[in-house]
Amino acid sequence: MRAYSREFKLTAVRLSQQPGLQVQAVAAALDIHPFMLSKWRKQVRDGGLRGKARDLTVPPRREIQRLQELERAHALLQEEHELLKKAIRFCSVASQPSLRSSTRSGARTR
């Protein structure tokens, strides 16, 4: 398990508190589990995690919203792409000629 510095935790919490940013998006951007970030947020609320966070430059809200829209659209396209790949595999297997004998009785024809 990786140990994170107090400054990192506080900066992550501060980012997640910015308007327009979702906890899941911040956690994904920082490559941490959303539950961990939620735990740190609770520690800050309860006073168990204190200190100075790094100064942040947060992009404008509309840029954040646009990025989130693009991420959702990208995820949807990836899902559709995977479904299409499965459909192609299914159709190509279904269209292959059968390797079984052409007679029902199993006897060979001359």
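Remember, predicted model here, so these are calculated numbers, not experimental data.
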If the condition is salt bridge (charged side-chain N to carboxylate O under 4.0 Å, His left out), which residues does [X] pass it with, not counting sequence neighbours?
X     : value
Glu80 : none
Asp46 : Lys42
Lys85 : Glu82
Arg6  : none

*What residues form a side chain to side chain contact (heavy atoms under 4.5 Å, CB included) with Ser92, not counting sequence neighbours?*
none
*For Val23, check side chain to side chain contact (heavy atoms under 4.5 Å, CB included) against everything at least two apart and list the hits.*
Ser16, Leu37, Ser38, Arg41
[atom1]/[X] to [atom2]/[Y] distance, rounded to the nearest 0.5 angstrom?
X     : Y     : atom1 : atom2 : answer
Leu10 : Glu7  : CG    : CD    : 8.5 Å
Gln24 : Glu71 : CD    : CD    : 11.5 Å
Lys9  : Lys39 : NZ    : NZ    : 7.5 Å
Met36 : Trp40 : CE    : CH2   : 5.5 Å
Tyr4  : Leu30 : OH    : CG    : 9.0 Å

*Pair Glu69 + Arg72: basic N to acidic O under 4.0 Å*: no
*Mind telling me whether Phe35 and His33 have parallel, tilted or perpendicular rings, with 30° and 60° as the class edges?*
perpendicular
